[in-house]
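One structure is given here, and the rest of the page talks about it.
Labels below follow one simple rule: chain letters A, B, ... track the order of the sequence lines, proteins then strands, and each chain is numbered from 1.
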Amino acid sequence: MELILAIGIGVLAGSGVFLLLRPRTFQVIVGLSLISYAVNLFIFSMGRIRLNAAPVLNPAANDPALYTDPVPQALVLTAIVIGFAMTALFLVVLLASRGFTGTDHVDGRER
Amino acid sequence: MSGDQFPLWAAIAVSVLLVAGSLLTLAGCIGMVRFRSFYQRIHAPTIGTSFGTIFILAGSVVYFTVTQLRPAVHEVLIFVFVSVTTPVTLMLLARAALYRDRIERDPDVPPSKDPLDNAEMEASKQAPRRPAVKEA
Amino acid sequence: MSSEVLLTVLIVLPFLSSLVAGSLPANARNAEVWLAGAVALIGLAITISFYPDVTGGEVVRYEIPWLPSAGLNLIIRMDGFAWIFSMLITGIGFLVVLYARYYMSPKDPVPRFFAFFLAFMGAMLGVVTSGNIIQLVVFWELTSVTSFLLIGYWYHNANARDGARMALTVTAIGGLALLVAMLLVGHVIGSYDLEAVLASGNTLREHPLYTTILILMLLGAFTKSAQFPFQFWLPRAMAAPTPVSAYLHSATMVKAGVFLLVRFWPVMAGTDQWFWIVSSAGLITLVMGAYAAIFQQDLKGLLAYSTISHLGLITTLLGMGTPLAAVAAIFHIVNHATFKASLFMAAGIIDHETGTRDLRRLSGLFKYMPFTGTLAIIASAAMAGVPLLNGFISKEMFFTETAIRNPNMFANLALPIGAIVAGIFSVAYALRFVYGVFFGPQPTDLEKVPHEPPSLMRIPIEVLVLICLIVGIIPGIAIGPYLATAVVAVLGQDTPHYSLSIWHGFNLPLLMSIGALIGGVILYIMLRPYLALGLEGPPLMRRLVGQRIFERILVTISWKWAKTVERWAGTRRLQPQLFLLVLICVVTAWFALRPGFEPVKLQLGGWDPGFVILWMVGIFCAIAAAHQAKYHRLASLILMSGAGLVTCMTFVWFSAPDLAVTQLLVEIVTTVLILLGLRWLPKRFQKGDTDHTALRTKLRRYRDIVLGVFAGGGVAALSYAIMTRTAVPDGISRFFLERAYTEGGGTNVINVMLVDFRGFDTFGEIAVLGVVAITVFALLRRFRPAADSVEKPEQQRIQNAYDDLRPNRQSGDTVNEYLMIPSVIMQWMFPVIIVLSAYIFLRGHDLPGGGFAAGITMSIGFILQYMAGGTRWVEDRLRILPVKWIGTGLLIALATGLGAWVFGYPFLTMAFQYADLAIIGKVPMATALFFDLGVFVLVVGATVLILIALAHQSVRSPKAARSTVLPTHAVEPPPEPALETTAVETPALEIPGGAS
Amino acid sequence: MSRILPYPLLTLSLLVLWLLLQQSASPGHILLGLVAALLASRAMAALQPEKPRVVRFLPIFRLVGRVVVDILASNIAVSRLILNPNSDMTKSGFLTVPLVLKDRFGLAILSCIVTATPGSAWLEYNPEESEVLIHVLDIENDQEWIDTLKNRYEILLLEIFG
Amino acid sequence: MSQIILFWSVLACEAILALAMACAAYRLARGPRAQDRVLSLDAFYVSGMLLLVTFGIRTGTTLYFEAALIIGTLGFVSTLALAKFLMRGEVIE
Amino acid sequence: MSFLDHLIIMPILLPLGAAALTLLFDETRREVKAGINFAATILLIAIAIALLVQTDAVTREGTELTITYRLGNWPAPFGIVLVADRLSAIMVLLTGILGINALIYSMARWQAAGPHFHMLFQMLLMGLNGAFLTGDLFNLFVFFEVMLAASYGLLLHGSGVLRVRAGLHYIAINLAASSLFLIGVSLIYGVTGTLNMADLALRIPHVPANDLGLLHAGAAILGIAFLVKAGMWPLNFWLPTTYAAASAPVAGLFAIMTKVGVYIVLRLTLLLFGEHAGASFGFGQTFLLIGGLATIAFGTVGVLASQSTGRLAGYSVLVSSGTLLAAIGMGDRAVTGGLLFYLVSSTLTISAFLMLVELVERARVAGADVLAVTMEAYGEDDEDLEHEEEVGVVIPSTMAILGVCFALCGLLLSGVPPFSGFISKFAMLSAVLQSEDAASPIPASTWWLIGLLIISGLASLIAMTRTGIATFWATLEGPTPNVRVIEIAPIAILIVLCLGLTVAGGPVLHFMDLAADALHTPTDYIEDVIGTTPAASAGGAS
Ligand code: NA
Ligand code: NA
């Protein structure tokens with residue numbers, strides 16, 4: 001399972017990096033989104049993955065060993081929110097750039 | 001899986017429901033692959049959203065009712081929402097596809113009955129526009 | 001007054017009065033002169049008052065703490081040598097002020113002039129009285145800066161600008177070298193105190209860094225004193241007003257270089273390196289300067305090269321390394337200052353009275369200005385080394401030193417020959433000056449009839465020439481004790497016996513003097529026909545113009561090369577920048593990883609077929625999305641959603657329901673958002689890649705794929721490595737699991753962390769969301785679509801045309817029919833989604849959910865209405881004020897956090913209790929809920945604002961950005977459509993009930 | 001009444017939704033749910049939606065029954081078609097069905113039923129001609145489709161919405 | 001016994017649903033038209049939702065239900081937006 | 001807890017509250033927003049000074065005490081902790097000072113160039129202060145994002161093709177860097193199980209040998225993210241363009257943005273990889289040294305090659321960053337004091353210069369350009385123009401004052417004595433040299449540092465002279481630019497502060513040396529953060 005997840009993270013990150021380096025703004029925004037999936041999963045994986053051990057407590061049986069590590073999850077949540085905000089911002093900036101320059105090239109001019 | 005006290009009949013029922021539901025859903029998705037035109041494909045996913053969903057949710061209801069000793073009704077909500085929203089999506093999508101195909105004069109699609117259609121479609125194509133787009 | 005106060009006044013007064021001078025009105029010429037003159041005189045008086053304290057090698061020191069921890073305190077240190085320099089600076093300074101009163105035109109804005117002048121005087125005094133070698137550099141650089149301003153005083157003149165810039169550049173280079181030298185001296189000796197440095201000559205000379213220090217120090221001295229090969233800036237500095245030249249290039253600025261050589265003579269001189277470098281540079285300068293001076297056509301140019309030559313003489317003397325030579329050098333410093341200052345002033349008077357300094361046009365002026373003529377002749381004679389004048393004595397001492405038999409060949413041959421040649425040249429140029437200007441035929445093409453200047457303007461020259469005479473005739477009385485004071489201060493116990501009498505008998509130096517005089521006369525007579533040609537520049541060296549070479553080097557290095565290197569080492573394109581970022585990250589992470597990393601053992605087993613297939617699908621989607629993103633945006637977006645869903649499912653799989661829910665909601669909103677944007681992007685069609693550029697593109701693509709593989713592989717390896725390690729046993733997570741319920745009051749640890757344990761993160765996170773929403777809003781207010789996106793999308797145009805053509809239809813009927821049935825369901829989902837949102841909000845603390853998820857849900861409800869009914873339809877019915885919601889949300893969260901202060905707890909301390917309410921029963925009441933409410937309100941506001949601001953672009957009557965290539969950003973938009981500001985911003989806060 | 005409780009049925013449904021979501025019918029949840037439902041229906045009122053006018057309620061249950069049975073049958077039929085490697089995939093086609101039903105809600109429900117049934121899809125409703133274009137997977141028995149639509153569903157819907 | 005039956009059936013169910021997702025993903029990438037992709041995205045989401053329900057049975061908790069519920073309730077919004085984009089070239093007018 | 005105990009969190013809460021408050025007012029009431037902004041910024045400075053006094057006072061008594069604040073009353077390392085020592089306090093004060101001056105400048109015209117300027121402005125202050133005060137690695141990420149988000153908004157403030165184009169690059173690069181930040185932080189968490197910086201410092205020496213590589217990889221990735229912000233070559237090509245594109249007051253405020261990267265690199269290298277870090281001691285130092293030197297070199301080249309004053313200013317930022325990074329790379333306690341002095345001095349200078357650039361550009365092509373700038377500020381036909389009167393007095397002898405400011409900026413930037421630019425460079429170089437034994441040869445790195453510092457100063461001098469002469473000496477004709485007192489005053493204030501640093505060099509340097517000592521010996525920091533108990537039993541304050 002760890003291997004599969006790791007490969008998945010790697011592919012998401014790799015595809016994202018490839019897109020990040022492309023000349024069109026749309027490619028970059030898709031790349032950034034893929035990277036953010038990868039990063040979120042990466043952070044998540046730092047807590048070691050566990051099946052069926054959600055961090056919702058059962059007040060009756062409060063043994064920390066029964067639950068997953070909540071810290072990475074909290075971090076991922078913050079990262080998701082910030083990632084969402086940044087995607088929105090980048091989208092609008094790329095639209096504005098396209099509007100001003102007439103092109104969707106990342107440099108604002110065709111090369 | 002909680003414990004051995006789970007009754008056999010329920011286990012069998014849940015299993016059957018789950019497998020049946022998932023197989024139906026799979027069948028729908030295979031249809032997505034096999035059907036040749038979009039209008040055929042549009043029939044496929046409804047298998048999954050109708051009885052595929054019903055069976056699997058029923059399995060879930062049985063399972064949780066037995067294990068938690070109280071009725072699990074969440075599934076009903078899922079079913080209601082899925083069966084309300086899926087047709088809406090499909091209708092909008094199908095109508096959009098129809099429109100797109102008509103613009104491109106797909107011979108397999110019934111044209112609008114309106115006799116003016118052809119002339120004005122030409123006219124609208126005179127308007128400054130880029131070549132027809134295959135994609136989005 | 002105590003000596004401390006006096007010393008402080010000596011240094012500080014010029015700077016303070018500089019500020020005063022600069023703030024006087026432009027026409028305050030006399031006030032400026034009174035001020036500057038008074039400052040100079042006070043300085044002179046103070047200096048004189050220190051005479052008793054510094055005779056016999058005594059030193060007066062005053063230390064003011066400045067940067068004690070870095071070993072840099074201000075030490076004002078007056079010894080004999082500093083004293084004699086201070087005399088020159090203040091004395092000649094006073095005379096120059098007086099002279100400038102008459103020289104400067106009433107139209108000139110003299111406040112600036114005197115401000116710079118006084119600052120320069122202060123800097124110069126600072127240099128000579130520095131008791132700390134870093135402090136010396138400080139004032140040294142200040143002289144560079146202030147002299148730059150003085151030289152560039154007439155900046156409307158291109159020559160002045162260039163001359164000033166060159167002087168600054170050259171002397172600043174030297175100054176920085178000097179700084180390094182001093183830092184190294186400090187490193188070697190362990191102190192920057194001049195006293196300590198002067199006491200450590202042996203340490204310094206024997207240190208391996210000696211040569212480095214020497215070279216750096218000489219760079220400073222040579223640039224300042226215009227020694228070969230840095231002599232070229234000085235003639236260009238002649239563009240300065242003459243008072244400036246008279247001051248800077250006789251007594252002060254250029255003397256700073258030789259001052260430095262003398263100052264460090266006791267510790268640095270006496271080695272082979274010193275001898276070779278200093279004396280050869282000095283000798284070359286001496287001869288070359290004198291040679292070039294003969295052929296100058298500009299009066300001040302002649303004096304400038306003569307100055308170079310005399311400085312070369314002083315440098316040569318210092319280079320010899322013998323105490324007697326040092327005495328001669330110090331003596332010549334003083335002598336040169338007096339006669340050269342008077343000559344510059346005389347040249348200025350000539351310029352002033354005739355309107356030209358060109359030797360080709362000047363002639364026979366003695367008849368018109370006999371007084372000035374006489375003074376200039378005497379001063380020139382001093383410069384030429386004619387007996388009974390001060391120049392003679394020091395020059396004779398120079399000849400004496402060169403004539404001494406020396407163990408090495410260079411000294412035996414080159415020095416005396418060079419000395420005598422230079423002597424001949426100096427006589428020749430002095431003659432040229434005197435004869436060319438004052439004698440010969442009547443001047444013809446002068447703009448005005450020359451006459452004597454105002455007598456007060458002559459006083460400074462008269463004083464100086466008088467000094468030349470007195471010192472030349474009775475040196476022992478006139479200068480002897482003072483010179484001795486200076487010499488002892490430098491040489492201390494090494495002070496040799498020397499005599500300052502005019503007559504030493506008939507000896508070799510005298511012969512050399514006579515030879516030089518006769519040779520000079522002969523040379524001048526021989527050269528007269530050539531000089532009559534009026535050619536610019538000296539023969540043989542005409543094409544070797546130092547300043548031009550320097551300029552060219554400077555431009556090449558500082559402009560052309562810099563531009564090339566900038567282009568080569570940098571880029572303005574985004575792709576290479578991102579490539580480098582990723583590459584560097586991969587490489588550094590790899591290097592960091594290498595030590596202490598055990599390769600991980602593959603752990604197979606525990607395979608979950610569903611999960612494996614799921615991720616195969618996810619991987620497929622990710623790669624396909626990357627593949628399609630260029631030409632098939634919609635496909636790419638859909639595939640990306642696929643990968644996103646797989647990510648959500650993974651969160652579920654590994655027990656993170658909160659993440660799954662949040663990611664899912666964000667996923668939906670993001671898709672809608674990007675779709676809203678797609679409309680404004682250009683259509684893109686697949687082209688065949690055929691030509692040469694396609695190959696490059698392809699190669700770049702392969703390169704990027706390789707980097708992507710490495711980056712992805714790296715991330716995968718890192719995550720695999722961590723996942724297969726056991727968790728850190730004493731990590732912080734246990735704390736949260738143990739206390740979330742008992743002390744945080746919630747069973748959903750994630751939510752308790754978000755609103756309580758790490759509530760501050762959430763606090764910042766909502767701030768980010770708010771800021772981004774506001775930014776988006778602000779940016780979109782100025783949004784201009786590109787020309788080809790202005791029109792409505794093709795589909796709408798066709799559909800509207802269809803409707804318009806039919807009498808029974810209205811524009812928009814097609815879309816209404818299209819949405820007629822679906823919109824019913826979409827509208828009725830609205831209250832359902834609101835209830836769902838409330839549900840998600842409330843259950844957050846105990847089960848997956850919370851303010852953020854609820855907020856996003858709510859905004860999806862809004863967006864659904866916009867999709868169903870259109871912008872106008874919704875905004876006719878609902879008043880949405882997202883900006884205010886953002887503000888309110890932030891304030892709610894803030895207030896919740898601040899609430900804890902009332903109870904004496906830190907910010908964001910949450911309280912919880914199970915409230916036993918009448919009907920409802922036991923209900924957990926955590927203040928965290930209020931915090932979460934703030935989050936909810938903000939998230940709704942921000943998300944809705946972003947989506948609506950974007951959606952609004954379609955209903956505005958958009959005007960395209962005018963052109964893609966407009967050079968400035970001056971093109972600005974037409975006014976906003978009212979819709980934007982009113983509907984989204986103005987009315988009061990209320991959701992429902994806007995309609996009635 | 002209408003000002004405080006503009007859509008009583010909606011409010012009630014929302015309350016039920018709330019209770020289903022909470023899986024609890026404690027007084028507290030009823031109270032909370034009521035608050036949520038009231039707020040939500042107030043919000044709905046702002047949108048000024050068209051209200052459905054239900055004349056008779058009983059046929060609703062008959063309709064549901066028929067739909068469930070039909071959908072199950074179609075599920076099997078279509079699945080069989082898909083999974084049978086030799087099945088003929090060319091028999092699908094378009095059908096135009098004239099309708100009597102005009103009520104927007106009725107049409108909405110009808111369209112949902114048609115689309116939710118595997119094998120038929122609602123494409124385009126033409127209000128002028130009052131006819132609908134549907135696509136069916138098995139065009140062979142086109143009259144059967146039209147009959148189902150008109151006799152099994154439309155009649156009931158006409159009863160419900162008058 | 002019942003546990004074994006359940007274990008295997010749930011596992012099989014998961015695999016089958018994942019396969020269904022794979023089929024949808026195939027159409028997602030293959031197209032050929034945008035409407036095909038949108039359609040398959042919808043199917044993809046529904047299969048995913050069912051997978052979540054199944055997963056809930058496997059782990060025996062209802063914690064994962066919200067995710068399924070949200071797909072069921074709100075998942076259609078993005079598909080809807082895509083459909084409207086195809087029809088009108090714009091999501092919100 | 002008394003009010004004074006909450007002082008440390010005020011630099012974060014105050015701007016947030018002010019920002020939120022401005023949102024409640026419509027765009028038409030810009031004066032109110034400006035007033036809120038102004039009041040909040042002034043108050044921020046007061047708080048920062050109080051904090052500075054507090055952090056300094058504790059040491060005067062002989063015991064090092066770092067001020068800590070446990071958010072939510074949760075004990076460290078579990079909850080988030082704010083930590084203030086001298087360095088943090090000075091950075092917060094610096095933020096306030098730059099803020100107030102940029103704000104004053106913006107009130108002349110720029111605040112009206114787009115909506116919600118004041119909100120974004122305060123949010124940037126909040127992000128900066130948060131980054132300077134937090135003691136938690138992930139919370140640092142959050143504040144970085146607040147800061148970046150606000151900086152995006154401010155950079156784009158005024159819109160226009162140049163800003164949007166530069167903004168796209170700036171945002172893309174920073175988004176990538178943020179991803180690296182997350183990967184780095186989480187990897188470090190994965191290895192050590194903690195996020196608190198002080199706790200990390202405690203745990204790093206005990207990281208098992210075969211986890212060390214992972215830890216270092218995390219630190220390296222994290223470091224790259226910081227170095228993008230700090231502007232290290234070759235991660236800094238975006239910077240000159242961005243700074244040149246930003247409106248003047250924004251650029252003036254941005255002067256501290258690179259310093260955040262430098263601050264955190266300095267803080268973390270010394271805290272995590274200092275003398276007590278065991279096997280990890282000195283991690284990354286060589287990299288920083290080489291990168292810093294390369295950055296100085298590149299900045300120097302850019303300074304020389306710049307045609308526009310805006311880019312010249314941008315490259316000056318790089319020189320400053322490079323100097324700081326290289327000085328950090330020296331890893332020498334004595335150098336650190338000088339580098340802190342340099343940090344403050346160069347930030348003030350660059351801020352003044354970045355704001356001055358616009359005025360100078362106005363002077364350069366007076367007339368046409370003024371029109372362009374005004375048009376840009378207001379929009380040709382923006383309604384804002386009408387109720388924005390020319391309140392300030394147009395100063396006479398504008399050119400003279402601009403010239404003086406420009407000259408002083410040039411002297412400060414190029415490190416010409418005796419100004420603070422010189423003092424700080426001298427303090428660093430002197431420390432580098434004095435710390436070496438006089439008998440042993442000077443290492444190559446020291447030579448490089450000396451050489452590059454000197455050459456970069458010279459290059460600045462050459463470039464500034466070139467530009468200054470072209471602007472102030474070579475052009476005489478044309479109307480004098482329209483410059484208002486409230487535009488030149490903030491620049492003058494900043495320059496005067498630099499001059500103040502010159503005069504008060506001794507005490508300031510002493511303060512910086514103490515700050516450096518605390519950085520190099522973080523035991524007290526760690527003890528104060530981890531050691532003390534929270535105010536009461538955590539949790540229930542019902
Ligand atoms: Na019509
Ligand atoms: Na169907």
Side-chain angles (χ1 to χ4, degrees), chain C residues 806 808-809 813-814 816-843 846-847 849 854 858 861-862 864-866 868-869 873-880 915-924 990-996, chain D residues 2-3 6-7 9-24 26-52 101-112 114-115 122-129 132:
Chain C
R806 277 158 193 74
N808 58 338
R809 292 174 74 88
D813 273 2
T814 305
N816 291 339
E817 279 164 25
Y818 174 64
L819 287 169
M820 191 182 93
I821 293 164
S823 69
V824 174
I825 291 158
M826 287 155 86
Q827 278 162 25
W828 286 95
M829 284 298 283
F830 188 52
V832 174
I833 293 176
I834 292 176
V835 168
L836 188 67
S837 160
Y839 163 72
I840 292 174
F841 175 78
L842 278 178
R843 76 195 295 268
D846 285 331
L847 292 162
M858 187 75 180
F862 278 111
L864 197 59
Q865 299 318 302
Y866 272 82
W873 184 88
V874 176
E875 286 173 5
D876 283 346
R877 289 162 175 79
L878 294 179
R879 283 183 182 174
I880 306 165
D916 218 342
L917 297 181
I919 319 165
I920 302 169
K922 244 179 145 185
V923 169
E990 48 182 338
I991 335 175
S996 48
Chain D
S2 67
R3 273 198 65 82
Y7 300 94
L9 206 60
L10 173 71
T11 313
L12 186 67
S13 315
L14 292 175
L15 177 61
V16 171
L17 169 66
W18 179 268
L19 297 177
L20 283 178
L21 282 170
Q22 298 290 3
Q23 304 200 32
S24 151
S26 68
H29 278 304
I30 291 175
L31 199 68
L32 265 176
L34 213 55
V35 172
L38 278 171
L39 279 175
S41 34
R42 290 269 299 150
M44 187 62 184
L47 285 179
Q48 303 159 297
E50 207 180 311
K51 289 188 194 182
L101 185 68
K102 289 260 191 315
D103 185 272
R104 231 179 121 187
F105 291 89
L107 285 169
I109 291 172
L110 184 59
S111 65
C112 282
V114 170
T115 310
W122 179 285
L123 293 184
E124 184 180 36
Y125 175 72
N126 184 344
E128 279 131 60
E129 317 264 333
V132 63

Legend entry - Approximate separation, where rounding is to 0.5 Å, of D:Leu110 CG and D:Thr115 OG1: 8.5 Å

Inset, instruction - Heavy-atom distances under 4.5 Å only: say whether D:Ile30 touches chain C with side chain, backbone, both or neither. - result: neither

Legend entry - Proximal component of D:Glu124, with respect to chain C [non-hydrogen, under 4.5 Å]: neither

Legend entry - Within 6.0 Å of CG in D:Leu9, more than 12 heavy atoms from elsewhere: no

Legend entry - Heavy-atom proximity to chain D below 4.5 Å, by part of C:Ile833: neither

Legend entry - Proximity breakdown for C:Trp873 and chain D, heavy-atom pairs closer than 4.5 Å: side chain

Inset, instruction - Kindly write out the residues that satisfy side-chain contact (heavy atoms from CB on, under 4.5 Å) with D:Thr11, not counting sequence neighbours, or none if the list is empty. - result: D:Leu5, D:Ala37, D:Leu38, D:Ser41

Legend entry - Which residues share a side-chain contact (heavy atoms from CB on, under 4.5 Å) with D:Leu17, sequence neighbours left out: B:Leu77, B:Phe81, C:Val832, C:Val835, D:Leu14, D:Leu21

Inset, instruction - Mind ranking C:Ile834, C:Ile825, C:Val874 by heavy-atom pairs under 4.5 Å with chain D and telling me who comes out on top? - result: C:Ile834

Inset, instruction - Assess the side chains of C:Glu875 and C:Tyr866: does a donor N or O sit below 3.5 Å from an acceptor N or O? - result: yes

